[in-house]
Asker: 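My structure is below; once you've seen it, I'll send some questions.
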Amino acid sequence: MLDRGIIQPSESPWSSPVILVRKRDNTWRFCVDYRRLNRITKNDVYPLPRIDDTLDSLQGSKFFSSMDLSSGYWQIEVDEADREKTAFIAPEGLYEFNVMSLGCAMLQPHSSG
């Protein structure tokens, strides 16, 4: 992940533990346990829009686009101001994510301002 730019070394005051979770095929998934961070994170005051309202707003549109996120891990950049909160400790040191981590124990989405 470091070589691919997914994570970077960190000097964050935050630190969450790494856990390994066995997948169905008996391989291991790297996860960061953000439960303690999630307990103190403020929830977004603006919920996601309802799908029917979103579809209604497209009435009369001529051009549409779609995104295939079935393999969308590590594609959404974490705001630089929030990266320190994604810090995790590993035997080699402290690191933080540059992009959203895999789906295991991810940060809850929230507004930063």
Side-chain angles (χ1 to χ4, degrees):
M1 291 188 296
L2 186 60
D3 290 342
R4 292 178 59 192
I6 295 163
I7 61 173
Q8 65 185 9
S10 178
E11 295 182 8
S12 173
W14 301 89
S15 177
S16 295
V18 169
I19 58 174
L20 296 176
V21 176
R22 189 178 297 274
K23 298 186 331 186
R24 289 184 186 163
D25 65 1
N26 277 338
T27 60
W28 293 97
R29 173 176 288 148
F30 172 91
C31 298
V32 180
D33 184 357
Y34 289 120
R35 289 179 292 182
R36 285 181 38 214
L37 178 62
N38 285 340
R39 281 196 290 272
I40 62 171
T41 300
K42 293 180 183 178
N43 288 334
D44 195 342
V45 295
Y46 299 104
L48 290 173
R50 292 171 25 141
I51 190 67
D52 56 332
D53 290 339
T54 301
L55 293 174
D56 286 346
S57 72
L58 297 175
Q59 185 176 3
S61 297
K62 296 179 182 176
F63 298 98
F64 299 90
S65 178
S66 65
M67 294 174 29
D68 178 7
L69 292 179
S70 64
S71 297
Y73 300 124
W74 297 339
Q75 295 183 22
I76 301 171
E77 189 172 1
V78 173
D79 188 283
E80 199 166 327
D82 291 323
R83 289 181 186 171
E84 69 176 15
K85 298 172 195 149
T86 70
F88 60 91
I89 191 73
E92 298 82 16
L94 188 65
Y95 298 93
E96 63 191 29
F97 280 94
N98 294 316
V99 294
M100 289 293 292
S101 62
L102 293 173
C104 186
M106 285 180 25
L107 282 170
Q108 295 172 345
H110 71 282
S111 167
S112 60

Asker: Is there a path of hydrophobic side-chain contacts, each under 4.5 Å between heavy atoms, that joins F30 and L94?
Answerer: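 Different clusters: F30 never reaches L94 through Ile, Leu, Val, Met, Phe, Trp or Tyr contacts under 4.5 Å.
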
Asker: Could you report the tightest heavy-atom contact between N98 and R83, atom names first, then the distance?
Answerer: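 Heavy atoms only, the tightest pair is OD1-NH1, 3.4 Å.
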
Asker: Does the side chain to side chain contact (heavy atoms under 4.5 Å, CB included) test come out yes or no for W14 and E96, once each step is laid out?
Answerer: CA-CA 9 Å; W14 301 89; E96 63 191 29; over 6 Å; no

Asker: Using the rule given for side chain to side chain contact (heavy atoms under 4.5 Å, CB included), can you reason through S16 versus V32, listing the C-alpha separation, both sets of side-chain angles and the distance that settles it, and then say yes or no?
Answerer: CA-CA 6 Å; S16 295; V32 180; 3.6 Å; yes

Asker: Is the backbone of P17 close enough, under 3.5 Å, to the side chain of D33 for a donor and an acceptor to pair up by distance?
Answerer: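 Flag not set: sc D33 to bb P17 has no pair under 3.5 Å.
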
Asker: Out of curiosity, does L2 fall in the hydrophobic cluster containing I89 (side-chain heavy atoms, cut-off under 4.5 Å, transitive links)?
Answerer: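 No, I89 and L2 fall in different hydrophobic clusters.
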
Asker: Do the side chain of Y34 and the main chain of T86 share a donor and acceptor less than 3.5 angstrom apart?
Answerer: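 Yes, the answer is positive, given that a donor and an acceptor are paired below the 3.5 Å cut-off.
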
Asker: What's the separation between atom OG1 in T41 and atom CZ in R35, rounded to the nearest 0.5 Å?
Answerer: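 Separation between the atoms: 14.0 Å.
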
Asker: Find the distance between CG (L48) and CG (D53) and round it off to the nearest 0.5 Å.
Answerer: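 Result: 12.5 Å between the selected atoms.
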
Asker: Should the heavy atoms of other residues, nucleotides or ligands under 6.0 Å from CG of D3 be counted, would the total exceed 12?
Answerer: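 Open.
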
Asker: Roughly how far, to the nearest 0.5 Å, is CD1 of I6 from OG of S101?
Answerer: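 With rounding to 0.5 Å, OG (S101) is 10.5 Å from CD1 (I6).
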
Asker: Hey, what do you get for CG (L55) to CD1 (I51), rounding to the nearest 0.5 Å?
Answerer: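 Reported value, rounded in 0.5 Å steps: 4.5 Å.
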
Asker: I want to check something: taking the side chain as every heavy atom from C-beta on, are R39 and R36 in contact at a cut-off of under 4.5 Å?
Answerer: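 With C-beta onward as the side chain, the pair touches.
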
Asker: Parallel, tilted or perpendicular: which describes the rings of F97 and F88, with under 30° parallel and over 60° perpendicular?
Answerer: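 The arrangement is tilted - the two ring planes meet at 30° to 60°.
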
Asker: Between atom CG of N38 and atom NZ of K85, what is the distance when rounded to the nearest 0.5 Å?
Answerer: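 Result: 12.0 Å between the selected atoms.
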
Asker: Indicate whether the side chain of E84 and that of S12 have a donor and an acceptor atom separated by less than 3.5 Å.
Answerer: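 Their side chains do not contain a donor-acceptor pair, so the 3.5 Å distance test is not met.
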
Asker: Measure from the side-chain N and O atoms of R22 to the backbone N and O of T27, and report whether any donor-acceptor pair falls under 3.5 Å.
Answerer: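 Looks like no, no N/O pair under 3.5 Å.
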
